[in-house]
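So the structure is just underneath, and the comments pick up after that.
Residues take their numbers from the sequence shown, with the count starting at 1.
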Amino acid sequence: MRTIIVYIWLVTTILPTFSQWGMIAYYQINKEYITRVLCENRDKPQLHCNGKCYLAKKLKAQQEKQNKQTSDRVQNTPVLQLFALPITSFEFLASHFPLSQEHHFPYHLASYQAPLSILVPPPCI
């Protein structure tokens, strides 16, 4: 299930990148038709446009469409604002803690010794 979700996410992320390549591939496949019919400069063969004006126009329109979709997504993204109210006063609640209670510790820190096996240096070779 995870792999399916990863593949779907990957395709939806990379697909806009390939759309421009798809437009260029369409231009390369149909270059003659675009040159004869769709080219804006077909009346001026001395420019040797060969439909590149049509391709540039389509790529620019596609880029503007992607930019508009991105800006719409950014504008429609919900904003989560985290904030804290300023605290102007503190209130301490009194509680009863017995301070005179004696503590008995079963160990003595003064007589603690570290294990010596840890402190032995490595043998010299």
Hphob cluster co-occupancy, Ile29 + Leu59, side-chain heavy atoms under 4.5 angstrom: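 Each belongs to a different hydrophobic cluster.
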Do Arg2 and Ile5 touch side chain to side chain, with heavy atoms closer than 4.5 Å?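 Side chain of Arg2 against side chain of Ile5, heavy atoms only: no contact under 4.5 Å found.
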Could you tell me the separation between the [atom1] atom of [X] and the [atom2] atom of [Y], rounded to the nearest 0.5 Å?
X: Leu38; Y: Tyr54; atom1: CG; atom2: OH; result: 5.0 Å
X: Tyr26; Y: Lys58; atom1: OH; atom2: NZ; result: 8.5 Å
X: Thr35; Y: Lys52; atom1: OG1; atom2: NZ; result: 9.5 Å
X: Lys68; Y: Lys65; atom1: NZ; atom2: NZ; result: 10.0 Å

Give the minimum heavy-atom separation between Gly51 and Cys39, together with the two atoms involved.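 Nearest pair, atom of Gly51 first, then Cys39: N-SG, 3.7 Å.
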Do you know the tightest heavy-atom contact between Asn50 and Tyr27?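 Closest pair (atom of Asn50, atom of Tyr27, distance): O-OH, 2.7 Å.
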Over 12 non-hydrogen atoms of neighbours within 6.0 angstrom of CD in Gln28: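 More than 12 within 6.0 Å, yes.
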